[in-house]
Enquirer: 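There's a structure below that I have some questions on.
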There are 2 protein chains.
Amino acid sequence: MMFSKACEYGIRAAVYVALQSLDGRRVSVNEIAEEIDSPIAFTAKILQQLSRSKVIHSVKGPTGGFELDRTEMDTVKLSMIVHAIDGDDIYVGCGLGLKECNANQPCPLHDKFVDIRTDLKNMLENTSLYELATGLEVGLTYLKR
Amino acid sequence: MMFSKACEYGIRAAVYVALQSLDGRRVSVNEIAEEIDSPIAFTAKILQQLSRSKVIHSVKGPTGGFELDRTEMDTVKLSMIVHAIDGDDIYVGCGLGLKECNANQPCPLHDKFVDIRTDLKNMLENTSLYELATGLEVGLTYLKR
DNA sequence: CCAATAAAGGACATTTTTGTCCTATTTATT
DNA sequence: AATAAATAGGACAAAAATGTCCTTTATTGG
């Protein structure tokens, strides 16, 4: 609707990793894909991206998996995940696809989009994985279905 | 960023048709594609969709083309174009791609998305082609580049 | 050291979106 | 009636996004 499928899986995966990390549990790709109801191999690719972008931490070998430490959960905001996967489309792009749309040379929707985008941007930049994981932990929110 | 490419072209095309219709000019696919800087044949398909959805009016044969009458420009809102081309994804879909995300069983971002989507929805439902075309006419906004 | 386990990564397959080309249909003009 | 101009529509092509499979690399525990 707004993010790519890859980004949707990425956010859900990161939130699940955060949730389990609250209990000190490291989680595997298989478990993540199972718990967020996503295709395993594709999810593995996305987790690689997130790991390369330092959004989550990965450990190879037996007992390995993905994790986040408590401080990272606070510092990692949704905007970092979206940026790592979808790039800066949401921030930069014109709603009507113009290359050089800006306040000087705006598309007909420019001003109307500015407000909506600002709200979205603020939301993404102010929402941490910790915040999302705790909602899940308490059973208020869900990651599947 | 938010709409498909097809929808971006569709909105730009419809606004251009409205603009020219203000002067009583009927416009061809070729002229539209030229003026909004879009691929001709693809634009033709999109105009077909808009015509079938009664968003714009088409006339075949010599002197034919696309047009809108003054009353239609007021009644046609952006939401109708978006709906005709992209369906109701923007209205219905969960931000994280869950099938059954709602107030009872929300995804972690549900509440945060509700506000943003409501604003987007209101904007689309309250913006008419007439409003957008007049901005263009006065030279305040642009449809290319 | 060896075996097993888990992520990393490359190559490939499928699906969707975007885009093109050609023919058919409609209609105004002569 | 013939011609030409315009949209309608079907079939195809290319590109991007999504998704799978298999091999390599790192690491743990026996």
Side-chain angles (χ1 to χ4, degrees), chain A residues 1-14 16-17 20-21 25-34 36-68 82 84-87 89 93 96-97, chain B residues 1-14 16-17 20-21 25-34 36-68 82 84-87 89 93 96-97:
Chain A
M1 165 237 175
M2 188 146 236
F3 304 133
S4 67
K5 228 77 181 79
C7 196
E8 291 176 0
Y9 296 148
I11 294 173
R12 280 151 62 191
Y16 183 74
V17 171
Q20 294 305 321
S21 291
R25 291 191 64 234
R26 207 177 259 171
V27 286
S28 70
V29 172
N30 288 278
E31 177 178 340
I32 295 169
E34 170 71 25
I36 70 171
D37 195 29
S38 66
I40 299 183
F42 192 43
T43 304
K45 297 290 189 199
I46 295 161
L47 288 164
Q48 272 179 49
Q49 281 186 269
L50 294 181
S51 170
R52 278 195 294 258
S53 317
K54 315 284 185 196
V55 166
I56 58 179
H57 188 222
S58 86
V59 178
K60 280 181 162 189
T63 78
F66 296 89
E67 65 187 358
L68 265 163
V82 174
I85 300 176
D86 282 352
D89 311 9
L96 295 186
Chain B
M1 163 238 178
M2 188 146 235
F3 303 132
S4 67
K5 226 73 181 83
C7 195
E8 290 176 0
Y9 296 147
I11 294 173
R12 280 152 60 193
Y16 183 75
V17 171
Q20 294 304 322
S21 292
R25 292 190 62 236
R26 207 177 259 170
V27 287
S28 69
V29 174
N30 288 278
E31 177 178 339
I32 295 169
E34 170 71 23
I36 70 171
D37 194 29
S38 67
I40 299 182
F42 192 41
T43 304
K45 296 292 189 198
I46 295 161
L47 288 164
Q48 271 180 48
Q49 279 187 270
L50 294 181
S51 169
R52 276 195 296 256
S53 315
K54 314 284 184 196
V55 166
I56 58 180
H57 187 223
S58 85
V59 179
K60 280 182 163 187
T63 78
F66 296 90
E67 64 187 358
L68 265 163
V82 174
I85 301 177
D86 283 351
D89 311 10
L96 295 187

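In what follows, chains carry the letters A, B, and so on, assigned in the order in which the sequence lines appear, proteins first and then strands, with residues in each chain numbered from 1.
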Enquirer: Whole angstroms only, please: what is the CD1-P distance between B/Ile46 and C/dT17?
Expert: 13 Å
Enquirer: With respect to the phosphate group of C/dG19, does any side-chain polar atom (N or O) of B/Tyr9 fall under 4.0 Å of OP1 or OP2?
Expert: yes
Enquirer: To the nearest Å, give me how far apart CD1 (A/Ile40) and P (D/dT20) are.
Expert: 9 Å
Enquirer: Look up atom NE2 in B/His57 and atom CZ in B/Arg26, then write down how far apart they are to the nearest 0.5 Å.
Expert: 8.0 Å
Enquirer: If I take atom CZ in residue B/Arg26 and atom P in nucleotide C/dT26, what distance separates them, rounded to the nearest angstrom?
Expert: 17 Å
Enquirer: Quick one: closest heavy-atom pair of B/Ile56 and B/Phe66, and the distance?
Expert: CD1-CD2, 3.5 Å
Enquirer: What are the two closest heavy atoms between A/Ile40 and A/Val29, and how far apart are they?
Expert: O-CG1, 3.8 Å
Enquirer: Nearest 0.5 Å, please: how far is CG in A/Leu68 from OG in A/Ser58?
Expert: 11.0 Å
Enquirer: Counting N and O atoms only, with roles assigned by atom type, does the side chain of A/Thr43 sit under 3.5 Å from a partner on the main chain of A/Pro39, one being a donor and the other an acceptor?
Expert: yes
Enquirer: Each nucleotide N or O in nucleotides 4-11 of chain C that has a protein N or O under 3.5 Å away: list the pair and distance.
Expert:
| unit_1 | atom_1 | unit_2 | atom_2 | d |
| --- | --- | --- | --- | --- |
| C/dT5 | O2 | A/Pro62 | N | 3.3 |
| C/dA6 | O4' | A/Gly61 | O | 3.2 |
| C/dA7 | OP1 | A/Val29 | N | 3.0 |
| C/dA7 | O3' | A/Ser58 | OG | 3.3 |
| C/dA8 | OP1 | A/Ser58 | OG | 2.7 |
| C/dG9 | OP2 | A/Arg52 | NH1 | 2.8 |
| C/dG9 | N7 | A/Gln48 | NE2 | 3.0 |
| C/dG10 | N7 | A/Lys45 | NZ | 3.0 |
| C/dG10 | O6 | A/Lys45 | NZ | 2.5 |

Enquirer: Of B/Ile46, B/Leu47, B/Ile85, B/Asp37, which is the lone residue that meets side chain to side chain contact (heavy atoms under 4.5 Å, CB included) with B/Tyr9?
Expert: B/Ile46
Enquirer: Just the rounded figure in Å: distance from C1' of C/dG19 to CD of B/Gln49.
Expert: 14 Å
Enquirer: Can you tell me the distance, in whole Å, between the CZ atom of B/Phe3 and the P atom of C/dT18?
Expert: 13 Å
Enquirer: Measure from CG on B/Leu50 to P on D/dG9 and round the result to the nearest Å.
Expert: 13 Å
Enquirer: Find the distance B/Glu67:CD to D/dA6:C1' and express it as a whole number of Å.
Expert: 13 Å
Enquirer: For A/Lys5 and C/dT15, give me the distance from atom NZ to atom C1', rounded to whole Å.
Expert: 13 Å
